[in-house]
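See structure below.
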Amino acid sequence: FYSFNDTVSCLHSIPFDKQVHQRTMDSISKTIPLYVFKHIAKQSPDPQIILQMDIEEGIKRIAQQQTPFATDYDFHHTLVSLFRQLNDGHTMYYAPACYTNMFFKQPFNLISHDDSTLKQQVIRIASVNEALARYLQEEYGVDDVKQYVGDRIVSIDDQPALESLVQFSNTSIGGYKDIGTRFNMAVGGLFMSRQQNRNEIPVKGTMTYVLERKNDKTLVTV
């Protein structure tokens with residue numbers, strides 16, 4: 001494990017290379033004509049699937065960009081973000097292999113279920129990443145997060161928990177037309193463990209959770 005800032009510095013350490021940009025865009029420009037759903041993606045005929053994405057125009061814009069990207073990471077993640085908007089698991093762009101083994105992780109895992117008492121869908125802490133929990137305790141003096149297993153998450157960064165997960169599902173998952181499937185992927189791991197070949201760097205190094213304790217229903221901020 002490494003600190004947030006050290007990890008960001010590492011990801012941004014590879015300089016932008018115009019030749020890599022040209023070769024990558026040339027390859028994508030030659031293969032995208034094989035994508036048979038371009039016209040459907042521009043204007044989805046299904047009112048249940050909201051999709052208005054001109055993939056060819058997006059590729060053209062990136063290929064013709066005159067201002068150099070700040071880093072290699074920024075260039076590749078511009079493509080990651082573009083292709084993710086198709087919500088098509090067969091047509092995604094992943095950043096190169098050097099980013100694949102790097103993750104931004106949170107120390108616990110989530111579960112979502114219908115709460116019969118509250119009569120609503122809720123998000124709870126299901127389990128913890130014990131190795132990461134120990135690291136946070138030793139390096140930063142963070143409380144042992146195992147105590148929060150079973151607690152209900154009320155909010156994440158001042159946003160209702162369910163709303164926060166739905167927003168992340170719609171902006172940062174891709175790969176699936178159905179919001180329910182994207183949501184399951186977020187709760188199942190991608191919100192808590194963000195692999196750097198498909199998810200961007202979080203906007204900040206900390207997140208604030210308000211939890212309802214499982215035993216006495218009191219609220220605690222973590």
Side-chain angles (χ1 to χ4, degrees), residues 1-44 49-106 132 135 167-178 181-182 185-186 188-207:
F1 298 110
Y2 298 91
S3 73
F4 179 84
N5 290 335
D6 285 348
T7 307
V8 171
S9 296
C10 180
L11 289 167
H12 284 162
S13 66
I14 303 174
F16 173 68
D17 187 323
K18 184 63 176 178
Q19 290 186 333
V20 171
H21 173 270
Q22 291 173 337
R23 290 197 301 267
T24 302
M25 299 314 300
D26 182 60
S27 177
I28 290 175
S29 298
K30 289 177 179 177
T31 55
I32 199 62
L34 301 176
Y35 184 58
V36 298
F37 301 111
K38 291 190 293 291
H39 299 297
I40 291 177
K42 285 183 181 180
Q43 183 65 55
S44 170
I49 300 175
I50 301 173
L51 189 60
Q52 294 178 321
M53 170 61 184
D54 189 336
I55 185 66
E56 290 180 309
E57 181 59 32
I59 291 170
K60 180 180 177 182
R61 184 175 63 252
I62 296 172
Q64 296 179 349
Q65 179 170 322
Q66 297 300 311
T67 305
F69 288 86
T71 66
D72 179 80
Y73 182 95
D74 292 318
F75 162 58
H76 288 293
H77 271 275
T78 301
L79 286 169
V80 170
S81 177
L82 177 71
F83 277 84
R84 186 168 54 219
Q85 295 173 57
L86 292 172
N87 287 330
D88 187 337
H90 298 284
T91 313
M92 297 181 71
Y93 183 88
Y94 294 97
C98 60
Y99 302 112
T100 302
N101 294 325
M102 301 185 74
F103 299 77
F104 286 94
K105 286 181 174 290
Q106 298 182 60
L132 177 53
Y135 170 77
Q167 179 177 319
F168 182 83
S169 303
N170 282 328
T171 59
S172 302
I173 298 296
Y176 310 92
K177 294 289 190 288
D178 176 60
T181 306
R182 295 196 299 273
M185 293 297 294
L190 290 180
F191 183 75
M192 310 304 293
S193 184
R194 305 185 189 188
Q195 191 172 21
Q196 288 302 290
N197 67 334
R198 69 171 292 172
N199 293 117
E200 284 83 7
I201 297 171
V203 294
K204 57 182 180 176
T206 62
M207 300 183 75

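All values below come from the heavy atoms of this structure, side chains included, with hydrogens, waters and symmetry mates left out. Predicted model only: the values in this text are computed from it and were never measured.
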Is the side chain of [X] donor-acceptor paired with the backbone N or O of [Y] at a distance under 3.5 Å, no angle test?
X	Y	result
Thr78	Asp74	yes
Glu57	Ile55	no
Gln43	Ala41	no
Ser44	Ile49	yes
Gln196	Ala95	no
Arg182	Gly175	no
Thr171	Gln167	yes

For the student: nearest non-hydrogen atoms of [X] and [Y], plus distance:
X	Y	result
Leu11	Tyr73	O-CB, 3.5 Å
Phe168	Leu190	CZ-O, 3.6 Å
Ile62	Leu82	CD1-CD2, 3.9 Å
Tyr93	Leu79	CD2-CB, 3.5 Å

Would you mind reporting whether [Y] and [X] have side-chain heavy atoms less than 4.5 Å apart?
X	Y	value
Asn199	Phe103	no
Arg84	Arg198	no
Val20	His76	yes

For the residue pair His21 and Phe69, does the interplanar ring angle fall in the parallel (under 30°), tilted (30 to 60°) or perpendicular (over 60°) class? tilted
Using 30° and 60° as the class boundaries, would you call the ring planes of Tyr135 and Phe1 parallel, tilted or perpendicular? tilted
Heavy atoms from other residues, nucleotides or ligands near NZ of Lys18 exceed 12 (cutoff 6.0 Å): yes
CZ/Phe16: more than 12 non-hydrogen atoms of other groups inside 6.0 Å: yes
Would you say Asp26 and Ser29 are linked by a side-chain donor-acceptor pair, where the criterion is simply a distance under 3.5 Å? no
Between Tyr35 and Lys38, is there a cation-pi geometry (under 6.0 Å to ring centre, at most 45° from the normal)? no
Here the gap from Asn87 atom CG to Asn170 atom CG, rounded to the nearest 0.5 Å, amounts to 8.0 Å
Can you tell me how far NE2 of His77 sits from CG of Asp72, rounded to the nearest 0.5 angstrom? 9.5 Å
